[in-house]
Amino acid sequence: MSGEGPVVCLGHVAIDYLGIVPHLPAKNTKLELERLIVQGGGPAATAAVTLARLGRRVCFVGTVGGDDAGRRTLDELRAESVDVSLVERQPGASSQFAFIMVDRVSADRTILWSRGTLRPLDPRAVDPERVKTARGLLVDSLEPAAALVAVRIAREAGVPVVIDAGTLREGVQALLPFCDHIVASEVFAGQIAPGGTIDDALEAIAAFRPRSAVVTLGERGCATLAEGERFDTPGFAVEAVDTTGAGDVFHGAWLHAVLEGWEARRAAVFSNAVAAMACRELGGRTAIPDAAEAETFIRERGAAPPFRRSPRRR
């Protein structure tokens with residue numbers, strides 16, 4: 001059984017520079033920014049903020065440099081009540097960052113990003129006791145060596161594991177047999193089942209024997225294979241300003257649903273709702289709701305059938 005300690009989120013944290021533009025620029029043109037904000041980002045870190053907003057105690061494990069960007073990322077996580085005591089600080093290294101141009105009309109984005117000069121997270125930075133006693137573990141695909149240590153410990157301890165399978169980069173496939181919930185992007189789906197359909201991707205993911213295989217589909221919602229059932233869950237229509245981080249938010253919401261003991265259908269509706277709500281403002285974290293706000297949003301849209309609770313495994 002999982003422990004009673006904070007949820008552990010392990011992976012990438014960055015600083016995002018987000019600007020709204022009238023349209024995405026063509027080559028050799030100039031555009032005036034209509035708005036600019038600076039905010040923390042990164043898949044596992046934004047999932048950590050999501051879980052904290054939903055009422056979970058959370059610990060983030062990742063790397064930052066000794067620069068202003070690194071200090072800012074940690075300050076923002078602390079402000080969200082996320083424990084950063086296990087973050088590996090690398091003096092003299094520059095932190096990860098992304099510059100994101102957001103089309104004012106369509107909310108489409110162009111992202112330029114850099115890992116900075118950080119070394120990969122040292123697997124020795126994974127605290128076995130913190131993982132063993134965690135309520136849950138979330139890893140992304142950007143720190144596969146450290147994540148492999150963590151997911152193995154979690155599996156042995158019966159701690160539920162969600163992976164944000166964004167890209168099938170080197171080392172990620174080794175993580176999948178240890179993950180209870182594999183929540184993949186469309187990019188990952190196309191990589192794990194080249195030339196295939198979403199159903200083909202779900203079957204390929206299911207071969208790793210997770211409790212749930214999910215492919216996120218942006219505004220179209222998500223596709224799921226879980227509990228012996230294959231189903232699609234439509235997304236929620238919102239006035240989208242910026243879709244940055246929506247997938248990261250979905251992953252955090254999915255782990256929250258798992259820890260609540262909800263069945264997969266309810267987890268899909270809830271995760272779609274929280275991700276959609278996060279798109280209403282500029283920045284991946286600005287509009288992440290709390291749990292009560294999300295449940296109200298779902299009820300007001302008539303998407304709250306009488307779900308049953310799933311029995312907890314282990």
Side-chain angles (χ1 to χ4, degrees), residues 1-11 43-45 47-48 50-52 54-62 82-83 85-87 121-165 171-184 202 205-214 224-229 248 250-268 270-271 291 307-314:
M1 295 292 294
S2 61
E4 295 302 319
V7 174
V8 174
C9 294
L10 184 152
T50 303
L51 284 154
L54 294 173
R56 298 285 171 187
R57 292 184 299 132
V58 189
C59 172
F60 175 73
V61 185
V82 174
D83 179 356
S85 61
L86 297 182
V87 171
L121 178 63
D122 189 333
R124 292 172 296 183
V126 177
D127 182 340
E129 286 306 311
R130 191 70 69 100
V131 175
K132 288 177 186 177
T133 59
R135 288 293 311 280
L137 171 67
L138 183 145
V139 298
D140 64 29
S141 60
L142 289 155
E143 294 286 1
L148 184 58
V149 172
V151 298
R152 283 174 164 164
I153 294 168
R155 172 55 60 90
E156 182 68 24
V159 174
V161 179
V162 171
I163 184 170
D164 174 347
V172 171
Q173 195 154 321
L175 302 174
L176 303 183
F178 300 97
C179 298
D180 300 289
H181 305 273
I182 301 174
V183 186
L202 287 171
I205 293 169
F208 293 95
R209 303 181 65 82
R211 291 181 62 187
S212 61
V214 186
T224 306
L225 180 58
E227 299 164 358
E229 187 179 14
D248 311 333
F250 184 102
H251 295 96
W254 190 276
L255 180 51
H256 174 77
V258 167
L259 299 179
E260 287 294 304
W262 295 343
E263 62 166 334
R265 281 188 176 273
R266 181 172 184 179
F270 182 80
S271 301
F307 297 106
R308 68 182 186 276
R309 293 177 73 86
S310 287
R312 294 181 185 272
R313 190 176 74 170
R314 294 193 296 268

Checklist entry - Could E4 and R57 be called an ion pair, given the rule that one side-chain N must be under 4.0 Å from one carboxylate O? => result no
Checklist entry - Please walk me through it: do E229 and R265 pass salt bridge (Lys or Arg N to Asp or Glu O under 4.0 Å)? => result CA-CA 10 Å; E229 187 179 14; R265 281 188 176 273; 2.5 Å; yes
Checklist outcome for this item: V126 and A146 have their tightest heavy-atom pair at CG2-O, 3.6 Å
Checklist outcome for this item: Heavy-atom closest pair (V131 atom, A150 atom, distance to 0.1 Å) is CG1-O, 3.6 Å
Checklist entry - Side chains of D164 and P43: closer than 4.5 Å at any heavy-atom pair? => result yes
Item to check | C9 and L51, any side-chain heavy atoms less than 4.5 Å apart | outcome: yes
Checklist outcome for this item: Per side-chain contact (heavy atoms from CB on, under 4.5 Å), L10 is matched among D140, V149, V139 by V139
Checklist outcome for this item: Here the pair of heavy atoms bringing H251 nearest to L138 is O-CD1, 3.7 Å
Item to check | Under 3.5 Å donor-acceptor, H181 side chain and A213 backbone | outcome: no
Checklist entry - Taking the side chain as C-beta and beyond, is there a heavy-atom pair between V161 and R155 under 4.5 Å? => result no
Checklist entry - Step by step, would you call S212 with I182 a side-chain contact (heavy atoms from CB on, under 4.5 Å)? => result CA-CA 6 Å; S212 61; I182 301 174; over 6 Å; no
Checklist outcome for this item: F250 and A268 have their tightest heavy-atom pair at CE1-O, 4.5 Å
Item to check | E263 and R266: CA distance, side-chain angles, deciding distance, salt bridge (Lys or Arg N to Asp or Glu O under 4.0 Å) verdict | outcome: CA-CA 6 Å; E263 62 166 334; R266 181 172 184 179; over 6 Å; no
Item to check | Side chains of V172 and S141 in contact at under 4.5 Å (non-hydrogen atoms) | outcome: yes
Checklist entry - Can you list the steps and then say if I163 with F178 is a side-chain contact (heavy atoms from CB on, under 4.5 Å)? => result CA-CA 10 Å; I163 184 170; F178 300 97; over 6 Å; no
Next on the checklist: Could you check whether any side-chain heavy atom of F270 comes within less than 4.5 Å of a side-chain heavy atom of H256, counting everything from C-beta outward?
Outcome noted: yes
Checklist entry - Given side chains that start at C-beta, do those of R56 and T50 come closer than 4.5 Å, heavy atoms only? => result no
Item to check | S85 side, atom OG; F60 side, atom CZ - distance, nearest 0.5 Å | outcome: 12.0 Å
Item to check | Residue pair L255 / V7, side-chain heavy-atom distance below 4.5 Å | outcome: yes
Next on the checklist: I want to check something: taking the side chain as every heavy atom from C-beta on, are L137 and V151 in contact at a cut-off of under 4.5 Å?
Outcome noted: yes
Checklist entry - Hey, is R130 close enough to D83 for a salt bridge, meaning N to O under 4.0 Å? => result yes
Next on the checklist: Looking at A47, is its backbone amide N or carbonyl O close enough to the side chain of D248 to form a donor-acceptor pair, meaning the two atoms are under 3.5 Å apart?
Outcome noted: no
Checklist entry - Looking at L54 and A253, what are the two nearest heavy atoms and their distance? => result CD1-CA, 4.0 Å
Checklist outcome for this item: Closest non-hydrogen contact found for C179 with L175 is SG-O, 3.3 Å
